[in-house]
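Start at 1 and go down the list; that is how both ligands and their atoms are numbered. We count residues from 1, following the sequence as given.
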Amino acid sequence: MMNFLSSRKIIHIDMDAFYASVEQRDFPEYRGKPLVVGGKPNSRGVVATCSYEARQYGIHSAMSCAKAHQCCPHAIFVPPRFTAYKQVSQQIHAVFRNHTTRIEPLSLDEAYLDVTSIDSATKLAKSIKREILKQTGIVASAGVSYNKFLAKIASDYRKPDGLFVVTPAQGTQFAETLPVGKFYGIGKVTEAKMNKLNIFTGADLKKYSKIALQQYFGKMGLVYYQMARGIDNREVVSHRTRKSLGSETTFATDIGNIEAIQKYLQALSSEVAESLKQKDLLARTITIKVKYANFEQVTRSQTFKEPINEQQVMMWGARELLKQTEVSVRKIRLIGIKASNLVSTMVFNEQPRQLSLFSLQIPVD
Ligand code: TTP
Ligand code: MG
């Protein structure tokens, strides 16, 4: 009950039929038509998304393209253009940044904003929708509530072009009416397990005690218990755009022992890798810095083909870079390692999300 008093205000923004809307914006001949973005109609590919016109024929994301073609033989199929989608994604993020720094991107077309300090979250959601349309020519839906779980459901509630608000007074009742499949962290498998227990809606879920839910569903049991009551205490976690992340250490006395230096490097790379992971970041480039006893300083860099955040890979790179210095013959007073050329693990994923990956993405927090 305490959570009724929760003072958070969260907006969840999600673009409507995102990839398909960008295609319809850029190619007027696709407007008003059933449009599928994904593979070719008779290919083994899957539907990334489709226009709302195509949804009337039962087509949806992750359906095979062959099946989509069966649903609607006159649908138009186009391949995705990620560069265009990323550009729109950057534009919508720029709109968010005009209003708050507390932004948690979930994917290219979706983000949570914590706007607790703003007077009317609903008015702000309206302006953001308007600004997005003006900047990108694409329609967004917004959900406003006092926590992430309800805000996300709210943005989906009146799609397309939706704006729906769930107030703290409405939260519990609203959660009771929801099918459990809509709850945060409940995928197909958990949903089926719940159905077997006769749990179909939030109200059904509410009949189970905390202990029973923990017995059936482990740690997540408590989360489900809370959600059934409209409670979700997760914070909006913003990923500040960083240019680099690094760590260095200056020794009390100059060191000339390569094994000792490698040990320090090991510790520093662990720290940097850990920090990258915590921030959901990957690095394309690592750089080591060495300051010799006479204060002369050198840096050596390596850029990986695939961005990394594993300590072992980072250390492997660092060891190679160390060989390109004179540490074996000169004493040093400082060693450092830096990760740069950073990319977010969530936002800048170049691949279209496949069903398995996508369903994995949802419960991650
Ligand atoms: P969503 O926001 O889930 O879907 P959407 O924007 O297309 O439609 P809606 O109006 O219902 O929000 O996903 C955003 C984009 O992510 C979508 O346009 C294409 C991509 N995507 C995939 O590539 N595979 C998938 O399985 C899903 C669900 C989305
Ligand atoms: Mg969307």
Answer with yes or no whether the hydrophobic clustering places F183 together with L222; edges join I, L, V, M, F, W, Y residues whose side-chain heavy atoms lie under 4.5 Å apart.
-> no
Taking the six-membered ring of Y292 as reference, does the NZ or CZ atom of R330 fall below 6.0 Å from its centre and within a 45° cone about the axis?
-> yes
Classify the contact between K159 and ligand 1 as side chain, backbone, both or neither, using a heavy-atom distance cut-off of under 4.0 Å.
-> side chain
Show the numbers, then the answer: is there a ring-ring contact (aromatic ring centres under 6.0 Å, His included) between H69 and Y57?
-> CA-CA 10 Å; H69 178 68; Y57 295 87; over 10 Å; no
Is the closest side-chain donor-acceptor distance between S269 and Q311 under 3.5 Å?
-> yes
Between the CG atom in L150 and the NZ atom in K152, the distance rounded to the nearest 0.5 Å is 12.5 Å
Give a yes or no on this: more than 12 heavy atoms of other residues, nucleotides or ligands lie within 6.0 Å of atom NZ of K129.
-> yes
Just which atoms of ligand 1 are under 4.0 Å from any heavy atom in S61?
-> 25 (C), 26 (O), 27 (C), 28 (C)
Between Y184 and R234, is there a cation-pi geometry (under 6.0 Å to ring centre, at most 45° from the normal)?
-> yes
Closer than 2.8 Å to the Mg ion (ligand 2), do we get an N, O or S atom from E110, backbone or side chain?
-> no
Atoms of ligand 1 less than 4.0 Å from Y52 heavy atoms?
-> 9 (P), 10 (O), 11 (O)
Given that the side chain starts at C-beta and the backbone is N, CA, C, O, which of these parts of M63 lies under 4.0 Å from ligand 1, counting heavy atoms, or is it both or neither?
-> neither
Please state whether the separation between the Mg ion (ligand 2) and some N/O/S atom of D16 is under 2.8 Å?
-> no
To which of S51, A48, A62 does the heavy atom nearest atom 21 (N) of ligand 1 belong?
-> A48
Are R55 and ligand 1 in contact, using a heavy-atom cut-off of under 4.0 Å?
-> yes
So is P160 close enough to ligand 1, meaning a heavy atom under 4.0 angstrom away?
-> no
Just how far is it from atom NE2 of H12 to atom CG of L113, taken to the nearest 0.5 Å?
-> 9.0 Å
Got an N/O contact under 3.5 Å between A17 and ligand 1?
-> yes
Metal site the Mg ion (ligand 2): N/O/S of M15 inside 2.8 Å | yes
Just go through D109, D156, V22 and tell me whose heavy atom is the nearest to atom 14 (C) of ligand 1.
-> D109
With a cut-off of under 6.0 Å to the ring centre and 45° to the axis, is R229 in cation-pi contact with Y225?
-> yes
Just which atoms of ligand 1 are under 4.0 Å from any heavy atom in F18?
-> 5 (P), 6 (O), 7 (O), 18 (O)
Angle, OD1 of D14 through the Mg ion (ligand 2) to OD2 of D109 - 10° precision | 100°
